[in-house]
Structures are given as C-alpha cells and as structure tokens.
Amino acid sequence: MSDKIIENNQVTIMGEVASRFTFSHEVFGEGFYMVDVLVKRLSNSEDRIPLMISERLIDVTKDYTGEFIMASGQFRSYNRHEEHKNHLVLSVFVREVAFVDEELDGAKTNNILLDGYICKPPVYRKTPLGREIADLLLAVNRPYGKSDYIPCICWGRNARYASGFAVGEHVQILGRIQSREYVKKLSETETEKRVAYEVSVSKLECIGAELSEEE
C-alpha cells in the first residue's frame, strides 16, 4: 500500500462519542464497528459523523458515550443496494484513535484533504438569497483499483471556480465533513428522516491552477 494513495485522502476529527458500537462487518477475522461522533462547528451547531473502527484499535464492548476522542483516517464510501437502487454510504475509516480532553487548544476538530478526479459534471446553482453553490462528486483512488466517491459542496467564489471543472479533471480539496438531515419519500404516505454526508470545501485547486480561497 503506497503512502501516496493514503495521502490523497486524510481526515482528522475530534468530538464527543454519541452512540455505542454496532457491528458492521468482518474481514479476515477482524471485526469492524460503527460509532457516531458529534463534532462542533464554529456556529455552535454540530455534525454527527459516523466512524468505522477496527476492534483491534479500541474495546468495542465498552460504552464511551460522552467521552471525547480524536480520530484520523480516510473518508470512504460504499454502495448499499436497497429498494432496487444503490445508496452511497459514507463513513470515516479510522486508522488511529485516542481519547482527549474536552478541548485541545488550537486543534482543528474537523478537517479533510482529498486529491481526486471529478466524476460527474458540477451542479452550479444560486439560493433564493443569491448565494452561489456548486456540488461536486470526487473519485478518490484507493489501493487495489478501488475508489471512494465523495460528494463535495462549494460556496461563493469557490462555487464559480468549480462550476467550470470538466469530468476527469484532477482536483485537490481542503474542507470539513458535514452532516445534513433530509426527508426521503418512501411512498405516497411514508417518509423517513435520513442523514447525508458531504465535504464542505474551504479551499480547492485544479492541479496546475491557482489555489482559490473561500469568501
């Protein structure tokens, strides 16, 4: 596994454990478990971010709810088949985890670096108040020929800049992972509240172009 592949997808988050561990899957006898972490935003709201952690990194039988952890790893995706459609599932695949004090001075509580390729035409739009937004889908290579597909959202000048990206363009992104609740219509009478995850972009660069700053 080359360091270059690992470097193209780096996440560090710090937050409060908000659930118990639930079993996800097993690979070669190693169990992987999911746990949610609440990460504060500057606006005092919170993002609820799912972590996937190996049982070899932490005692998954314990309840750590309310404790603060710092985790680093990669933002990964996989397709879950449901209702005759593929549903993109995102989580932070944890490589290192440590318990921390509630606040670390100057620590960035949520940051991500991605280096990948535009795999769908960007969707540019304006809100009713005139704020510019662009949605990107970034394919980030993983070892053994796999890729993660990461939805990203750009604002302001970054949105204008990103709206001109072509499919296949090589892009680097700095930002934060955010969660967003939405209501999924299951039938005429049924709806379900779900959570979507995306990278809110603070800086982006088309390789060979100038770095663009968030407004």
Side-chain angles (χ1 to χ4, degrees), residues 5-6 8-13 15 18-19 21-27 32-39 46-54 71-95 110-125 133-155 158-159 162-163 165-187 190-202 204:
I5 290 283
I6 292 174
N8 68 4
N9 184 339
Q10 299 177 51
V11 179
T12 301
I13 68 161
S19 71
F21 286 94
T22 56
F23 178 75
S24 171
H25 64 282
E26 191 175 286
V27 180
F32 291 88
Y33 289 75
M34 301 300 298
V35 68
D36 286 346
V37 172
L38 293 176
V39 181
E46 291 175 320
D47 292 297
R48 190 181 185 99
I49 297 174
L51 308 187
M52 184 180 288
I53 303 185
S54 164
S72 58
Q74 296 177 301
F75 202 29
R76 290 192 175 176
S77 70
Y78 73 93
N79 272 315
R80 187 171 67 208
H81 195 67
E82 56 180 52
E83 301 158 23
H84 312 296
K85 284 184 181 174
N86 280 331
H87 178 57
L88 192 69
V89 180
L90 294 153
S91 62
V92 175
F93 181 81
V94 176
R95 294 188 176 279
N110 182 342
N111 68 68
I112 182 168
L113 166 73
L114 296 173
D115 183 320
Y117 299 87
I118 301 293
C119 56
K120 278 171 74 174
V123 178
Y124 174 83
R125 63 193 191 279
I133 300 173
D135 294 309
L136 307 177
L137 188 65
L138 204 65
V140 180
N141 292 335
R142 223 199 276 178
Y144 313 117
K146 294 186 177 178
S147 294
D148 292 295
Y149 295 92
I150 312 294
C152 302
I153 186 164
C154 306
W155 314 89
N158 279 342
S163 68
F165 291 167
V167 171
E169 203 116 45
H170 186 187
V171 175
Q172 283 184 344
I173 279 173
L174 285 173
R176 64 192 319 282
I177 299 170
Q178 65 182 25
S179 62
R180 174 172 52 83
E181 282 195 349
Y182 69 99
V183 175
K184 168 88 172 173
K185 189 176 180 181
L186 302 178
S187 68
E190 281 184 294
T191 60
E192 182 180 85
K193 198 180 271 189
R194 293 190 175 180
V195 182
Y197 304 98
E198 61 208 355
V199 172
S200 178
V201 175
S202 56
L204 80 161

Side chain of R48, backbone of A18: donor and acceptor closer than 3.5 Å?
yes

Is a side-chain N or O of N8 found less than 3.5 angstrom from the main chain of N141, in a donor-acceptor match?
yes

In V201, L136, I133, the residue satisfying side-chain contact (heavy atoms from CB on, under 4.5 Å) with N158 is V201

Salt bridge (Lys or Arg N to Asp or Glu O under 4.0 Å) filter on E198, not counting sequence neighbours, yields R180

Can I177 and L90 be said to form a side-chain contact (heavy atoms from CB on, under 4.5 Å), step by step?
CA-CA 10 Å; I177 299 170; L90 294 153; over 6 Å; no

Residues at least two apart in sequence or cross-chain that pass salt bridge (Lys or Arg N to Asp or Glu O under 4.0 Å) with D47, listed by chain then number, are R41, R176

The criterion is salt bridge (Lys or Arg N to Asp or Glu O under 4.0 Å); which residues satisfy it with E181, sequence neighbours excluded?
K193

Hey, mind stepping through Y33 and S24 against side-chain contact (heavy atoms from CB on, under 4.5 Å) and telling me if it holds?
CA-CA 5 Å; Y33 289 75; S24 171; 5.9 Å; no

S147 side-chain N/O to A139 backbone N/O, donor-acceptor pair under 3.5 Å:
no

From Y149 atom OH to S77 atom OG, the distance as rounded to the nearest 0.5 Å:
7.5 Å

Could you tell me how the ring of Y117 sits relative to the ring of H170: parallel (under 30°), tilted (30 to 60°) or perpendicular (over 60°)?
parallel

The reported gap from CG in D148 to CZ in F75 (rounded to nearest 0.5 angstrom) is 9.5 Å

With sequence neighbours left out, the residues meeting side chain to side chain donor-acceptor pair (under 3.5 Å) with Y78 are none

Identify the heavy atoms of Q178 and I153 that sit nearest to each other, and give their distance.
NE2-CG2, 3.9 Å

Using side-chain contact (heavy atoms from CB on, under 4.5 Å) as the criterion, point out the one residue from V195, L38, V39 that pairs with S179.
V195

Once side-chain contact (heavy atoms from CB on, under 4.5 Å) is applied, do any residues pair with V183, and if so which ones, sequence neighbours excluded?
T191

Going by the rule side chain to side chain donor-acceptor pair (under 3.5 Å), which residues pair with H25 if we only count those two or more places apart in sequence or in a different chain?
none

